[in-house]
Amino acid sequence: MKDPYQNRRLVIGGIILFTGILYLIRLLILQVLDTSYKLSAESNSRQREIEYPGRGLILDRNGKVLASNEPVYDLMMIPRKTESFDTLALCSMLGIQRAELDKGIQSALQYSRYKPYPVVRQIDARRFAILEEQLFKYKGFYVQTRTRRIYPEGIASHVIGYMGEIDLNEIRQDPYYAVGDYLGQSGLELQYEKELRGRKGIRYQLVDVFNQVKGSYEGGRYDTLPEPGKNLLTTLNSELQKYGELLMTHKSGSIVAIEPATGEILCMVSSPSFDLNKLTGRERTRQFEALSADTLEPLFNRATMSRYAPGSIFKIVQALIGLDLGVIRPQTGFKCDKSLIGCHNHPEATNLKKAIQYSCNPYFYQVYRRIILRRQSSNIFTDSELGLADWQKKVMSFGLGQLLQIDLPGVSPGFIPGPEFYDTWYGRHRWAFSTIYSNCNGQGEVETVPVQIANLAAIIANRGYYYVPHFIRSIGEKGELPEVYRMPHHPDVNAAYYPVVINAMRAVIYEPSGTGRRAQVPGVIVCGKTGTVQNNQGEDHSGFFAFAPMQHPAIAISVYVEHAGSGGFWAAMIASLMMEKYLNGEVTQAEKEKMVLEYKQF
Amino acid sequence: MMLTGKNTLVRIDWLTVILFVLLTGFGWLNLFSATYDEGLPVSLFSFASRYSKQFYYILAALVIAFLVMITDGKVWGAFAYLVYGLTVGLSILVLFIGREINGARSWIILGPVSFQPAEFMKAGMALLLAKLLSRFDFKIHRLHNLFLILLFTGLPMVLVFFQNDTGTMLVFLALILVLFREGLSGYVLIFGGIAAALFFLTLVFPLSVFLPVITIIALLLTWLYQHNFKYFLWGVISFSLLFGTVFLVNRMTSSGWSYSRVFFVASLSAFFLWAILIYRYRLNSLYLFLFAWIGATLLIFSVDMVFHDLLEPHQQARISQLLGLVHDPLGTGYNLNQSKIAIGSGGFFGKGFLRGTQTRFNFVPEQSTDFIFSTVGEEWGFLGSLLVIGSFSGLLIRLIFLAERQRSVFSRVFGYSVVSILFFHFAVNIGMVIGLVPVIGIPLPFFSYGGSSLLTFTLLLFIMLRLDTSRYEVIN
């Protein structure tokens, strides 16, 4: 029997062959010609994991640890990979409120659906141990190990500085950072951020669809190891720093001590201060807000940023400039004419030494007058202008009124007025000495910051030069000191005149009617000068600067106690205790110490 | 008459057997790769992992193949109705006692054994169709015969539909190839193909573009077929006039009809106008085009309705995904996208056995079942794809050859049924994995994990081989 439909087998076979060939063409395109799928497969299964290096330690000059690290853990979330999960269980494991978790998740969603975001930060080791076991239940979450700063000594907060989380602007500026990274926000942490942070390591790992690690990618060929941050050996003497902070408790003000021969800063106290240990971890934000709102401004580093008039301390500079310009001699005497400028009662200043010893204001009125008006022009206005310009230049050569290259962010330059300043205020040739005379004893428009005054003490201690004050001794194992700290600076006065003022500064401390007798230190000869700083916010600031021992100075110091009255009182006493502590290793002036500790401003 | 085992082995079509062993063996290797967990190695002989379970299923399939080969071939013809009835009965039973897995209520669980009656119903259906079409003096175009076929194929489809297993339901549609071979008009295939094409095209192109194009094509075909430019010209002119009139009326009365509705009204008017003209001038040869055109137009207008009202949302999503109407690689398109990534990353030579990162780390959902081909593509590359597609095509062509050399209609129809069912699974499964066919959940024969499916395909194949060995003994 003939089958009329037999040829239809060809149609059916044709359909089958057509389908097979069509699929093979499609597969050829998919597998061989189109390479984009290979890349997709890689990004699918390859995870880039960042390994954070340990941040460099901050050490004092003897290697004592001031800032170190402990591990903490961030819970990271990749929104795209998450599934619904038990939020309450997660919250209770982490010990946080539901609202906090929700906030974190909201931020993660806003940030990116594909990139990891730290939803819960700074989980401590104990909670992490609990979380780790349960983590597999939370798809799209993983834990990123980080380190957190701890401060074993709890001192020098302003110098060390605090850490803070990076904001999006900073990430845009420096692609090294990622969301959730911490970096130095102030102090040495900020100044030496690049050295301290080290370099992140990158590890590529193969992950499965649940982001569980299944092994290293290509045997770790593309991985880089994290490079630990460099340790920072600082110049701080933690004993002295600690003692200074103790003395300054309940007072506003600052202490800066410098080793004159090197410019190394031995201590820098700013009071009131804060506890860095409270500015880490999960409480940081709240603590920080409280500190920012505090009217005593504990976050403000008075030692580098507070611009005070230097007061009578400035008379030392005036004396040196006067001698250098030849307008006075060591024997020059002036009557204490209180009609020129106010003064206290003291014996007659028959020479420069006595004028400094008694801190006679009219004397320095005369000195300043002679500096400014040197008959360089018959016109008094031009004469004042030329004189002031010379004076400004010389004053600034002492490191005043200019930004010292101290390795700390946020240092104020202070201010030394020049002709341009008064020109803008009064107009050119519309001011003369009579307008600016109040600069004579470090009031008027003259402004300095405490660290500059300590440096001034160092200049005198060195008899005519200084190294820029700094905190760094060595970065890393055998780091070199930057050039800027190895170069001596010489103020523009003849070094021959320093012994004159040094003798006077000794007299301030030791001779009768000297204003700084409270600064004496047993067994050491101290040279210093008091400064009682008038200000428009209330009682005078108590200021003092000194160096010791007189012959081979080991420490130069400046002390300011805000609104504490005469410079010869609190500031001189504190300076005395500090110098004794540093030079003798222990404090024997128990009575003085007790008084200082019992003096509370707040 | 019982054949001796020796005779059977001599006469068995070894090429088919070799292809069967190749596909099953290669299938198991890929299943192993997709389900093997290095962290949890499971012995091949335990029952704890999919690859070891599948190993037992393969053994069972071989036993069944052997049993089929030593049984008299005539039992299948004799018990065709019974087998059909039995499998249909099980499918009814599953509606009541079945277990729901992955949304389909299609599993019967008896202690440690679970199976899907719908799979076995494919074998029952093939036997029944063979029996039905091999009845003496069977003419396919007789109405009551068509009705019988519709009834016997419709019943399993309805049952599977109620089990919520759309994929398997569509498998039965593949039997239209058998009917075509046995004499069903070729137009059924052509119109079926055109209707499917129109369905998808309508979803892709806006009606306002698509409808005029269809009309122009219809008119052009008239011209070519009739070699009469005059008809074409009159057609275009009259349609344009009608369309313009309706358009203007719509404009002036501000009825606010949409463009497609204007076109639809114009089309209906044109249809009646042309029908009258064709009747008046006795242009009988143009009837076919006229009705094809109106059929297409009506179909196009019904697509929206079918798409939105008859299809489930996930089916709509899969079709939209396939046609590129939506791009959602993380949502509805996730499976397909991951599958394409896995296959595409395989390259020409593949990443090697157990070396596919997408496979090993479970990026492709349902990889051991419906998406097993992505493992082939990733680990064995284009060469693996070539092997699988080549083997399947070879097997199907070989089966056609076997079917054609049968002297009994029963054997031939059964052979074509096997071809149709196997082909549908092959084409739809691989087509879906490489993104040419909407995602329809049916397994790849001999590859996908699952005992019911493997046993059914083995049964179908070896019944055919058994019938083939005794092809000289039976006349009917």
Side-chain angles (χ1 to χ4, degrees), chain A residues 1 3-47 78-83 113-114 139-140 204-215 217-218, chain B residues 38-39 140 177-178 180-184 186 189 329-330 337-338 340-348 350-351 356-358 360-365 377-378 381-386 388-390 392-394 396-397 399-401 403-404 409 412 416 419-420 423 426-427 430-431 434-436:
Chain A
M1 160 176 126
D3 183 349
Y5 303 118
Q6 205 172 14
N7 283 339
R8 289 190 172 182
R9 71 182 194 279
L10 300 176
V11 177
I12 295 171
I15 291 173
I16 290 167
L17 284 179
F18 174 78
T19 309
I21 290 167
L22 181 74
Y23 285 8
L24 281 177
I25 291 170
R26 167 74 169 177
L27 281 161
L28 190 71
I29 293 168
L30 209 61
Q31 297 187 287
V32 183
L33 303 180
D34 186 348
T35 52
S36 66
Y37 290 103
K38 288 159 195 67
L39 298 174
S40 303
E42 277 200 349
S43 65
N44 236 349
S45 60
R46 200 183 62 188
Q47 190 185 57
I78 304 172
R80 181 177 71 100
K81 295 188 174 170
T82 50
E83 292 172 8
R113 272 180 50 71
Y114 299 93
K139 308 245 153 61
Y204 293 100
Q205 288 179 318
L206 289 172
V207 294
D208 68 6
V209 69
F210 304 119
N211 240 14
Q212 284 167 339
V213 174
K214 290 287 182 176
Y217 174 74
E218 300 261 313
Chain B
E38 276 144 338
I140 197 162
L177 279 180
V178 183
F180 169 69
R181 169 59 186 87
E182 294 305 312
L184 188 70
L189 270 190
L330 298 177
N337 188 47
Q338 292 295 338
K340 275 155 76 175
I341 287 174
I343 294 172
S345 67
F348 190 81
K351 296 177 184 168
T357 53
Q358 310 302 293
R360 309 287 308 122
F361 306 144
N362 307 323
F363 282 96
V364 188
E378 189 186 14
F382 183 69
L383 283 179
S385 310
L386 193 66
V388 172
I389 289 174
F392 266 111
S393 306
L396 290 166
I397 299 292
L399 284 173
I400 290 176
F401 174 78
E404 286 297 339
V409 178
R412 186 179 69 218
Y416 270 102
V419 169
S420 307
F423 172 66
F426 159 75
I430 293 184
I434 60 179
L436 289 179

With chain B as the partner, which of A:I16, A:D34, A:L30 has the greatest number of non-hydrogen pairs under 4.5 Å?
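Answer, by heavy-atom pair count under 4.5 Å with chain B: A:I16.
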Counting heavy-atom pairs under 4.5 Å with chain B, which one of A:I21, A:V11, A:L22, A:N7 comes out on top?
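The answer is A:V11.
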Hey, what do you get for [atom1] ([X]) to [atom2] ([Y]), rounding to the nearest 0.5 Å?
{"X": "B:E404", "Y": "A:I12", "atom1": "CD", "atom2": "CD1", "value": "8.0 Å"}
{"X": "B:I397", "Y": "A:L17", "atom1": "CD1", "atom2": "CG", "value": "4.0 Å"}
{"X": "B:R181", "Y": "A:R9", "atom1": "CZ", "atom2": "CZ", "value": "8.0 Å"}
{"X": "A:L24", "Y": "B:I430", "atom1": "CG", "atom2": "CD1", "value": "9.0 Å"}
{"X": "A:Q31", "Y": "B:I434", "atom1": "CD", "atom2": "CD1", "value": "9.0 Å"}

Kindly say whether B:A427 contributes a backbone atom to a donor-acceptor pair with the side chain of A:Y23 at under 3.5 angstrom?
yes
More than 12 heavy atoms of other residues, nucleotides or ligands under 6.0 Å from CZ of B:F348: is that the case?
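Enclosed.
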Is there a side-chain contact between A:L27 and B:L386 in this structure, where contact means two heavy atoms from C-beta onward sitting under 4.5 Å apart?
no
Show the nearest heavy-atom pair for residues A:G20 and B:S393, with the distance to one decimal.
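Minimum heavy-atom contact is CA-OG, 4.1 Å.
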Which portion of A:R26 sits near chain B, non-hydrogen atoms under 4.5 angstrom
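The side chain, not the backbone.
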Derivation and outcome, side-chain contact (heavy atoms from CB on, under 4.5 Å), residues B:L177 and A:I15
CA-CA 10 Å; B:L177 279 180; A:I15 291 173; 4.2 Å; yes
Evaluate side-chain contact (heavy atoms from CB on, under 4.5 Å) for A:R8 paired with B:E182, printing each intermediate quantity in order.
CA-CA 9 Å; A:R8 289 190 172 182; B:E182 294 305 312; over 6 Å; no
Which portion of B:I400 sits near chain A, non-hydrogen atoms under 4.5 angstrom:
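For B:I400, the contact with chain A is made by the side chain alone.
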Check whether B:Y416 gets within reach of chain A through its side chain, its backbone, both or neither, counting any heavy atom under 4.5 Å.
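Answer is side chain: those atoms of B:Y416 sit under 4.5 Å from chain A.
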Please assess B:F423 against A:T19 for the test side-chain contact (heavy atoms from CB on, under 4.5 Å), listing each intermediate value before the final yes or no.
CA-CA 9 Å; B:F423 172 66; A:T19 309; 3.3 Å; yes
With A:L33 via side-chain contact (heavy atoms from CB on, under 4.5 Å) - residues at least two apart
A:I29
